[in-house]
**Student:** 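The structure's right below; bear with me while I get my questions together.
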2 protein chains.
Amino acid sequence: MDVASSEIFETGTPVACRSCQARHGVVCGALSNAQLKELNRHSMRRKIGAGSEIIAQGSESSFYSNIMRGVVKLCKMMPDGRQQIVGLQFAPDFVGRPFVRESTLSAEAATDAEICVFPRNLLDRMIGETPELQRRLHDQALNELDAAREWMLTLGRRTAEEKVASLLHLIGTHAEPQTAISTAFDLPLSRTEIADFLGLTIETVSRQMTRLRKRGVILIENSRHIVVPDLDELERISA
Amino acid sequence: MDVASSEIFETGTPVACRSCQARHGVVCGALSNAQLKELNRHSMRRKIGAGSEIIAQGSESSFYSNIMRGVVKLCKMMPDGRQQIVGLQFAPDFVGRPFVRESTLSAEAATDAEICVFPRNLLDRMIGETPELQRRLHDQALNELDAAREWMLTLGRRTAEEKVASLLHLIGTHAEPQTAISTAFDLPLSRTEIADFLGLTIETVSRQMTRLRKRGVILIENSRHIVVPDLDELERISA
DNA sequence: GCCGGTCTTTGATCTGAATCAAATTATGCG
DNA sequence: CGCATAATTTGATTCAGATCAAAGACCGGC
């Protein structure tokens with residue numbers, strides 16, 4: 001460890017997590033200086049390209065990660081190849097399944113991303129020793145559960161149009177707003193991925209997007225860049 | 001509190017939770033004798049009939065519960081009346097959303113049930129004081145998250161036949177097996193509820209059930225009682 | 001045991017989304 | 001740039017599941 005970075009740990013609390021460069025994730029914010037110091041010794045910040053797999057479905061993973069930048073998709077694949085995206089994660093979310101080694105889903109960078117990688121054993125120990133960390137991870141798990149259940153409603157009961165509007169609204173909500181009501185953003189997902197998130201085919205996704213465009217609900221600057229003049233209108237359509 | 005029941009707390013650890021009558025739920029098993037004693041003073045065991053609402057969507061709840069017997073369904077309702085069941089809970093599951101007062105879903109007894117009701121404030125305090133309790137609730141939240149995501153795959157990517165087979169397999173798994181492969185059980189859900197769980201209509205559910213019956217995959221003794229000669233066959237069909 | 005209501009099954013038809021097919025638009029690369 | 005390849009859009013047709021309709025089956029109450 002070089003002098004410059006080690007200096008960080010000499011200053012008073014709260015201390016910045018070096019790997020996370022002060023953008024505290026769920027994990028770093030809950031740890032003491034000593035724990036941070038130890039965690040940093042065994043952590044790694046990594047840039048990964050879109051499509052890189054972080055965790056593979058059916059495999060044992062000995063790492064957890066924190067998302068520092070970019071979007072990560074959680075996928076489940078059936079033996080015959082059918083696929084369902086079961087969640088999107090954004091910075092500063094934690095990626096991994098505490099208490100169970102084998103993963104029932106894959107985690108893959110949807111966009112180029114940066115993640116902070118921790119060894120599983122070390123973090124498991126810290127979770128046991130640090131109620132505040134456990135509480136934060138518990139809290140994130142509950143938020144993901146709420147989101148998953150909200151999405152179950154979308155998958156089970158919404159029409160194709162409502163599904164597409166729901167997705168655009170979801171992503172629009174994570175983008176920083178331009179004005180009080182309007183937003184613009186780059187879609188982190190291809191049409192195929194959107195279809196796999198919504199339980200539709202790419203043709204249906206495309207058709208619904210053009211319908212929304214023709215109605216003036218959205219502008220499609222290019223297939224990945226979307227402008228939403230009125231986010232509330234999208235919410236209304238998603239029912 | 002009468003003498004007989006107070007005596008329970010004089011015996012050595014592990015102590016039985018009086019409300020739970022020794023069938024320790026997630027909560028009781030994590031608490032010290034003193035905590036159990038206090039919790040018991042403010043808890044109530046309740047028998048509730050099928051259809052009783054435990055938590056209402058959109059309301060603030062000041063209680064948590066433990067399921068002691070029966071099945072509880074978690075539902076989300078859209079403004080226009082469309083409904084989606086987003087989870088089933090069995091004994092000894094915990095019901096409630098720690099850290100957030102307002103519920104985004106309703107919890108309702110699917111069958112006659114018995115629950116153990118705790119005051120929210122008291123249990124919240126105990127969660128904060130008891131890492132082991134936090135850990136157990138965290139663990140349950142993660143298990144529910146896994147189940148929710150598995151169900152998202154069902155909702156988004158499985159056919160009607162696969163959906164119905166998935167549900168029967170899920171419930172068959174929670175019933176005690178008759179032999180190594182065969183099972184029989186009472187369905188805790190009506191056809192309407194099954195449809196709301198699977199994102200289908202009741203007609204489609206009914207048709208798929210008769211198809212499975214005609215193929216010999218299941219026997220329908222009466223609309224609520226199902227015999228499954230080979231549970232693996234159901235799993236195979238659910239893909 | 002009969003009656004009214006509810007739940008479930010079955011049948012006929014319709015429709016939203018899937019599938020099949022092809023054109024069009026991006027994207028990267030030598 | 002210009003070509004090859006992949007991604008997206010658009011069009012024609014099909015089909016799984018929804019909707020509409022009606023006939024059983026079941027259940028509680030009298």
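When reading the values below, keep in mind they use all heavy atoms of this one structure, side chains included, and skip hydrogens, waters and symmetry mates. Each chain gets a letter, A, B and so on, in the order its sequence line appears, and its residues count up from 1.
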**Student:** Given the side-chain rings of A:Tyr64 and A:Phe94, with only the six-membered ring counted for Trp, is the space between their centroids under 6.0 Å?
**Tutor:**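 Centroid distance A:Tyr64-A:Phe94: below 6.0 Å, so yes.
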
**Student:** Measure from the side-chain heavy atoms of B:Arg213 and tell me the nearest of C:dT10, C:dA17, C:dC20.
**Tutor:**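 Taking heavy atoms from C-beta onward, the closest nucleotide is C:dT10.
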
**Student:** Quantified as the angle between the terminal helix axes (five pairs each), what is the overall bend of the helix from C:dG1-D:dC30 to C:dG30-D:dC1 to 10 degrees?
**Tutor:**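 Its terminal axes enclose an angle near 50°.
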
**Student:** What range of DNA chain D does chain A touch, first nucleotide to last, counting atoms under 4.0 Å from its heavy atoms?
**Tutor:**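 The protein-touched segment is D:dT8 to D:dA12.
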
**Student:** Below the 4.0 Å mark, does C:dT8 have OP1 or OP2 next to a side-chain nitrogen or oxygen of B:Ser206?
**Tutor:**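 Checking C:dT8 against B:Ser206, no side-chain N or O comes under 4.0 Å of OP1 or OP2.
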
**Student:** Taking for each residue the nucleotide of DNA chain C bearing the nearest heavy atom, is the 5' side occupied by B:Arg191 or by A:Glu203?
**Tutor:**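 With B:Arg191 and A:Glu203 compared, the 5'-side residue is B:Arg191.
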
**Student:** Of A:Val217, A:Leu187, A:Thr204, which meets side-chain contact (heavy atoms from CB on, under 4.5 Å) against A:Met209?
**Tutor:**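 Of all the options given, the one that passes is A:Leu187.
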
**Student:** For C:dT9, does OP1 or OP2 lie under 4.0 Å from any side-chain N or O of B:Arg207?
**Tutor:**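 Negative; the distance criterion is not met.
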
**Student:** B:Arg158 or B:Glu221: which one's nearest nucleotide on DNA chain D is closer to the 5' end?
**Tutor:**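 Looking at the nearest nucleotide for each, B:Arg158 comes out on the 5' side.
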
**Student:** Do B:Asp196 and A:Arg157 meet the salt-bridge criterion of a basic N to acidic O distance under 4.0 Å?
**Tutor:**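 Here A:Arg157 pairs with B:Asp196 in a salt bridge, since their nearest N and O are under 4.0 Å apart.
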
**Student:** For atom CD of A:Glu176, decide whether the heavy atoms of other residues, nucleotides or ligands shown that lie under 6.0 angstrom number more than 12.
**Tutor:**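 Counting other residues, nucleotides and ligands, CD of A:Glu176 stays at 12 neighbours or fewer.
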
**Student:** What closest approach, in Å, do A:Ile85 and A:Cys75 show between heavy atoms, and which atom pair accounts for it?
**Tutor:**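 Reported closest heavy-atom pair: CG1-SG, 4.0 Å.
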
**Student:** Look at A:Thr201 and C:dA17 and indicate whether a side-chain polar atom (N or O) is within less than 4.0 Å of OP1 or OP2.
**Tutor:**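 For A:Thr201, the contact criterion (side-chain N or O under 4.0 Å from OP1 or OP2 of C:dA17) is not met.
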
**Student:** Report the residue (B:Arg157 or B:Thr210) whose heavy-atom-nearest nucleotide on DNA chain C is the more 5′ of the two.
**Tutor:**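 Its nearest nucleotide being more 5', the pick is B:Thr210.
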
**Student:** Hey, does the side chain of A:Thr111 reach the backbone of A:Val71 with a donor-acceptor pair shorter than 3.5 angstrom?
**Tutor:**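 Present.
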
**Student:** Using modelled atom types only, decide if a donor and an acceptor are shared between the side chain of A:Arg158 and the backbone of A:Leu153 within a distance under 3.5 Å.
**Tutor:**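 No: the side chain of A:Arg158 does not pair with the backbone of A:Leu153.
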
